[in-house]
There are 2 protein chains.
Amino acid sequence: MKLTSKGRYAVMALVDLARFDNINPVSLRDISLRQGISLDYLEQIFSKLKKNEIVKSIRGTQGGYVLNKNPNDIKLTNIFHAVDEKVKTVQCKKESKKGCNGKATKCITHNLWDELEVHINTFFENKSLKDLLNNNKETRV
Amino acid sequence: MKLTSKGRYAVMALVDLARFDNINPVSLRDISLRQGISLDYLEQIFSKLKKNEIVKSIRGTQGGYVLNKNPNDIKLTNIFHAVDEKVKTVQCKKESKKGCNGKATKCITHNLWDELEVHINTFFENKSLKDLLNNNKETRV
DNA sequence: ACATACCTGACTAAAATGGTCAAGTTTAGA
DNA sequence: TCTAAACTTGACCATTTTAGTCAGGTATGT
């Protein structure tokens with residue numbers, strides 16, 4: 001299973017973006033400074049977010065990024081998926097007709113990982129950017 | 001967050017062990033053959049399981065491993081913990097009095113990861129080796 | 001005594017991670 | 001029109017983690 005800094009950065013950056021994009025597009029430079037994330041790395045991440053239509057870009061001076069959807073419609077599952085954080089448990093190989101061990105049957109724990117995956121994905125599907133915004137306002141600095 | 005093959009192997013091996021240890025200790029060689037896991041790797045894993053008192057070892061000919069507890073009392077969380085699969089989301093650094101970014105405050109998404117961690121741990125704490133055994137009998141080959 | 005099986009630690013190839021670096025293109029505004 | 005801000009793209013890389021292998025042990029039942 002993968003759930004690393006890239007995913008966390010993506011979420012942090014989007015929450016930041018959501019808080020500031022009412023007025024103007026938000027530049028990655030600003031996000032980088034506020035959140036302490038490398039600019040170059042942010043560019044990689046936003047490239048993926050854009051491809052997945054989570055954000056829109058505006059080029060040129062005063063340009064930046066804006067959300068492409070309502071914060072309520074951006075679920076965590078969308079964000080993680082966009083930056084290739086596959087919320088997949090370690091997989092048994094799904095090749096041809098063979099089972100998990102190269103044997104003809106499913107491995108002993110196959111069902112377990114399926115269950116876990118559902119469990120985690122449920123969490124992510126029920127959590128939107130808006131939820132995080134609200135949550136953050138409460139404990140705002 | 002880490003959840004890799006080592007954890008999966010540990011679970012697979014323990015389920016296998018639980019199914020056969022009523023009669024005799026089970027040798028790693030047998031588990032290796034049945035589950036298709038490298039013997040050398042299994043030895044590393046069982047060394048940890050033993051340190052965490054999940055299994056007991058019996059040396060010498062006809063030796064092997066047996067469970068050290070009732071399958072109902074071996075939760076997944078114990079197993080993962082034993083083999084160093086820390087079910088931890090990527091952490092903000094917890095150094096000194098500083099917050100997550102080296103700033104004085106918690107990072108925007110701090111609460112989110114805490115929630116997620118609880119969510120996943122709950123799943124693991126409620127799942128025992130016995131559950132897996134039963135589950136496996138149903139779909140037994 | 002000897003085969004079986006546990007035990008331990010060092011080592012390693014390959015992949016993933018978390019970036020950096022370089023060289024663009026686009027566009028607002030002076 | 002010139003320029004600087006900001007997006008765009010792709011290559012590159014050091015470090016860490018993963019998933020093992022290898023080479024020796026030591027203990028013990030028969």
Side-chain angles (χ1 to χ4, degrees), chain A residues 1-13 17 20-21 24-33 35-52 54-66 68 80 83-86 88-93 101, chain B residues 1-13 17 20-21 24-33 35-52 54-66 68 80 83-86 88-93 101:
Chain A
M1 157 179 281
K2 286 169 56 184
L3 239 190
T4 66
S5 288
K6 191 183 289 185
R8 192 174 104 242
Y9 287 165
V11 175
M12 286 170 67
L17 183 59
F20 289 93
D21 84 340
N24 289 314
V26 181
S27 73
L28 294 190
R29 193 168 159 278
D30 288 352
I31 297 179
S32 169
L33 290 173
Q35 302 301 328
I37 305 168
S38 141
L39 176 60
D40 286 309
Y41 203 27
L42 273 179
E43 284 174 345
Q44 284 182 37
I45 292 169
F46 271 76
S47 160
K48 295 183 179 192
L49 292 175
K50 190 188 169 188
K51 268 184 200 137
N52 284 265
I54 292 171
V55 297
K56 276 187 297 191
S57 67
I58 293 153
R59 302 184 70 155
T61 320
Q62 304 301 324
Y65 286 92
V66 291
N68 198 19
F80 288 133
V83 297
D84 295 323
E85 294 271 48
K86 299 181 209 312
K88 283 250 159 195
T89 49
V90 198
Q91 274 307 355
C92 322
K93 287 169 195 166
N101 310 327
Chain B
M1 157 179 281
K2 287 168 56 182
L3 239 189
T4 65
S5 288
K6 191 184 287 185
R8 191 174 104 242
Y9 287 165
V11 174
M12 285 170 68
L17 183 59
F20 289 93
D21 84 340
N24 290 314
V26 180
S27 73
L28 294 190
R29 192 169 160 280
D30 288 351
I31 296 178
S32 169
L33 291 173
Q35 302 301 328
I37 305 169
S38 140
L39 176 59
D40 286 308
Y41 202 29
L42 273 179
E43 282 175 348
Q44 286 183 36
I45 291 168
F46 272 77
S47 161
K48 296 185 177 188
L49 292 175
K50 190 188 170 188
K51 269 186 198 134
N52 284 265
I54 291 171
V55 297
K56 277 186 297 193
S57 67
I58 293 151
R59 302 184 70 151
T61 320
Q62 304 301 323
Y65 286 92
V66 291
N68 199 19
F80 288 133
V83 297
D84 295 323
E85 294 271 48
K86 299 181 208 314
K88 285 248 158 197
T89 49
V90 197
Q91 274 308 354
C92 320
K93 285 169 195 166
N101 309 329

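Basis for what follows: all heavy atoms, side chains included, without hydrogens, waters or symmetry-related copies. The sequence lines fix the lettering, A, B, ..., with proteins before strands; numbering per chain opens at 1.
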Which residues, if any, of residues 39-49 of chain A bring a heavy atom under 4.0 Å of DNA chain D?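 A/Glu43, A/Gln44, in order of number.
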
Any side-chain N or O of [X] less than 4.0 Å from the OP1 or OP2 oxygen of [N]?
X	N	answer
B/Ser27	C/dT4	no
A/Ser5	C/dT17	no
A/Ser57	D/dA6	no

So, using side-chain hydrogen bond (donor to acceptor under 3.5 Å, both in side chains) as the criterion, who are the partners of [X] when residues are at least two apart?
X	answer
B/Lys48	B/Asp84
A/Ser47	none
B/Lys50	B/Ser57

Starting from [atom2] on [N], measure out to [atom1] on [X] and report it in whole angstrom.
X	N	atom1	atom2	result
B/Leu3	C/dA16	CG	P	17 Å
A/Gln62	D/dA6	CD	P	6 Å
B/Tyr65	C/dC6	OH	C1'	5 Å
B/Lys50	D/dA27	NZ	P	11 Å
B/Ile58	C/dC7	CD1	C1'	15 Å
B/Leu28	D/dG20	CG	C1'	15 Å
B/Ile37	D/dA19	CD1	P	12 Å

Would you say the side-chain atoms of B/Ser32 pair up with the backbone N or O of B/Ile37, donor to acceptor, closer than 3.5 Å?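 At least one qualifying donor-acceptor pair exists.
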
Of the non-hydrogen atoms in [X] and [Y], which two are nearest, and what is the gap between them?
X	Y	result
B/Leu17	B/Tyr65	CD1-O, 3.2 Å
B/Ala10	B/Ile45	CB-CG2, 3.9 Å
A/Val66	A/Pro25	CG1-CA, 3.7 Å

Please work out if B/Val55 contacts a base, only the sugar-phosphate, or nothing of the nucleic acid, heavy-atom cut-off 4.0 Å.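 No contact.
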
Would you call the rings of A/Tyr41 and A/Tyr9 parallel, tilted or perpendicular if under 30° counts as parallel and over 60° as perpendicular? perpendicular

With A/Glu43 via side chain to side chain contact (heavy atoms under 4.5 Å, CB included) - residues at least two apart: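 Scan of A/Glu43 (side chain to side chain contact (heavy atoms under 4.5 Å, CB included), adjacent residues dropped) gives A/Leu28, A/Leu39, A/Asp40.
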
Between protein and nucleic acid, restricted to nucleotides 24-26 of chain C and to nitrogen or oxygen atoms under 3.5 Å apart, what atom pairs and distances do you find?
| residue | atom | partner | partner atom | Å |
| --- | --- | --- | --- | --- |
| C/dT25 | O2 | A/Arg59 | NH2 | 2.5 |
| C/dT26 | O4' | A/Arg59 | NE | 3.3 |
| C/dT26 | O4' | A/Arg59 | NH2 | 3.3 |

5'-most by nearest nucleotide on DNA chain C - A/Lys6 or B/Gly63: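 Mapping each residue to its closest nucleotide by heavy atoms, the 5'-most match is B/Gly63.
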
